[in-house]
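Input: a single structure, listed below in structure tokens.
Below, each value reflects all heavy atoms present in this structure, side chains not excepted, and no hydrogens, waters or symmetry copies.
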Amino acid sequence: MEEVPLALLCSMLLLLMVMMCAWAVTAAPHGCHPVVFLPGIGGSILEAALDIPQEEPLPHFFCPRKTQSWFRVWISVQDLTPGHRDCISYDVGMHWDNETQAFEDRKGVQIRSPDFGSVRAMDYLNPSLPMRPFTKYFHDLIAELSRRGYRDGEDMFGAGYDWRKLPSPEWLAATRRLVEAAAARSGGRPVDLVAHSMGCLHAYSFLMGQTQRWKDRYIHNLIAVSPPWSGSVEAVLSILTGNSLGLPVDPHWARQLAVTFPGTYYLLPNPRFGWNSSQVLVKTPSKAYTANDYRELFADAGIEHAAPMSVRAQAAWDSMNLHGASGNQPLSLDYPGVPVSCIYSRGVTTAETLSYASGRFDGPPSIALGDGDGTVNLQSLEYACRAWQEAGHPVDISIFDSLNHFQTIMSPVVFKKIGATLCPD
């Protein structure tokens, strides 16, 4: 038998070492679970493709009618410039369809969140300068997990979605396939869902559509960061006055869009649970409105189609197996069937009641403040978490002080908690 030349043997050993190093970089960190991120409203890039019929009027002559490829509409530099901003509003805004009795995309407009499965669409909402510093979202968490050995597309994934809308059957099916693929890539290790804000509601909707057997096999934890379980008064503000969501956009422009997004109504304080009938959300000199009065409130404010959309959003919640006592006892969210880690903040002044000087709602309100994270009210943040925990389910609650709604997904102290859940060994 011939001896292997020393030079060839050294080369083979070097190649083997390189391959082992490459495997170490791309494999899941030892003892850690793969992770899928679910962003909140406004929390992932949106792109548009246009083929708008000639008979459809556009806001300006320079607004594009047909494009050859997808282009970014959220967030783009054009979102901030007059004129071009109207073009973006036309593309992203939805119109009322009398046949479906719902808001739909305009004719010839397609909207998507790109790169499903990757974290790119929720890293920076605009990765180009000069917008990058102002549109950071999951970036710091992605960077922290990358330092721990996680890699995009290997053991770290994103389930981006069109956050203007309620969870779609297509997105639910794609997320199921993504979770199964993520587990398979990690040798069958179950997956952690890390959701922020409205992403928690989408994660909940997703989990409630899976069998317990499937969840036992594929889900390790739901990590719900800043969860608006029973809605937020900020959603009412978005519809009546406008809310920039902490982003560098004009709140009045944001309102024109928000009133057409089903996702906005999904976040209204929920009259079926978490908000009692005596809790006033909006006041004028002549009326007081609670979460049971949306139809009257939106009619008085002259916001067309808002009332039926609030009913449709409520029906979406009701379809997820809500249960409760009879009479006026509040309903509760069914436990999703997986261990839950609730992470939220308190001690930040948060809108609780909006008072308008006239019944025309034609000016900014004075705002009575309560506790929360600056966006979501404390009673909503803790509602389902405490109920599930008190019922004896495996729910861990971590409460931080004085972090606002977006700081919770950007804070090193929160990263430490998330890391301990992802890597329990």
Identify whether the distance between the nearest side-chain nitrogen and carboxylate oxygen of Arg112 and Glu47 falls below 4.0 Å. yes
Could you tell me whether a side-chain N or O of Thr349 sits under 3.5 Å from a main-chain N or O of Leu369, the two making a donor and an acceptor? no
Using every non-hydrogen atom in the two residues, find where Asn292 and Ser277 come nearest and quote the distance to one decimal. ND2-CB, 3.4 Å
Using only atom types and a distance under 3.5 Å, with no angle test, would you say the side chain of Tyr344 pairs donor to acceptor with the backbone of Leu378? no
Ion pair check, Arg386 and Glu382, cut-off under 4.0 Å: yes
Checking side-chain polar atoms at under 3.5 Å, does His95 have a donor or acceptor matched by the opposite partner on Thr260? no
Quick check: does any side chain N or O of Asn270 sit under 3.5 Å from a backbone N or O of Arg272, one acting as donor and the other as acceptor? yes
Is there a side-chain contact between Trp163 and Leu46 (heavy atoms, below 4.5 Å)? yes
Under 6.0 Å between ring centres: does that hold for Tyr161 and His202? yes
Counterpart residues, ring-ring contact (aromatic ring centres under 6.0 Å, His included), relative to Tyr265 (two or more places apart): none
For Arg120, enumerate each residue passing the side chain to side chain contact (heavy atoms under 4.5 Å, CB included) test, keeping only those at least two apart in sequence or located in another chain. Asp115, Ser118, Asp152
Lys136/Asp140 ion pair, N-O < 4.0 Å: yes
Nearest 0.5 Å please: distance from the CZ atom of Arg213 over to the NZ atom of Lys215. 14.5 Å
Determine the minimum heavy-atom distance between Leu58 and Ile52, stating which atoms define it. CD2-CD1, 3.9 Å
Can you check whether His84 and His60 have ring centres sitting under 6.0 Å from each other? no
State, to 0.1 Å, how close Glu234 and Gly374 come at their nearest heavy-atom pair, and which atoms those are. OE2-O, 3.8 Å
Check residues 357-367 and write down every donor-acceptor pair under 3.5 Å in which the side-chain atom is one partner and the other belongs to a residue at least two apart or another chain.
from, atom 1, to, atom 2, distance (Å)
Ser358, OG, Arg360, N, 3.2
Ser358, OG, Asp362, OD1, 3.2
Arg360, NE, Asp362, OD2, 3.0
Arg360, NH2, Asp362, OD2, 3.4
Ser366, OG, Ser355, O, 3.4

Here the disulfide bond (SG atoms under 2.5 Å apart) pairs for residues 350-401, sequence neighbours left out, are Cys342-Cys385
Main-chain N/O of Ser310 paired with Tyr266 side-chain donor or acceptor, under 3.5 Å: no
Which pairs, with at least one residue in residues 98-109 and sequence neighbours excluded, count as a side chain to side chain donor-acceptor pair (under 3.5 Å)? Trp96-Asn98, Thr100-Glu104, Asp105-Arg164, Asp105-Lys165
Should Asp401 and Arg346 count as an ion pair when the cut-off is N to O under 4.0 Å? yes
Can you list the residues that meet the ring-ring contact (aromatic ring centres under 6.0 Å, His included) rule with Phe400, with sequence neighbours excluded? none
Are the charged groups of Asp396 and Lys417 less than 4.0 angstrom apart, N to O? yes
Can Arg177 and Glu180 be counted as an ion pair, charged N to O under 4.0 angstrom? no
Is a side-chain N or O of Arg65 found less than 3.5 angstrom from the main chain of Pro53, in a donor-acceptor match? yes
Is there a side-chain contact between Leu193 and Ile223 in this structure, where contact means two heavy atoms from C-beta onward sitting under 4.5 Å apart? no
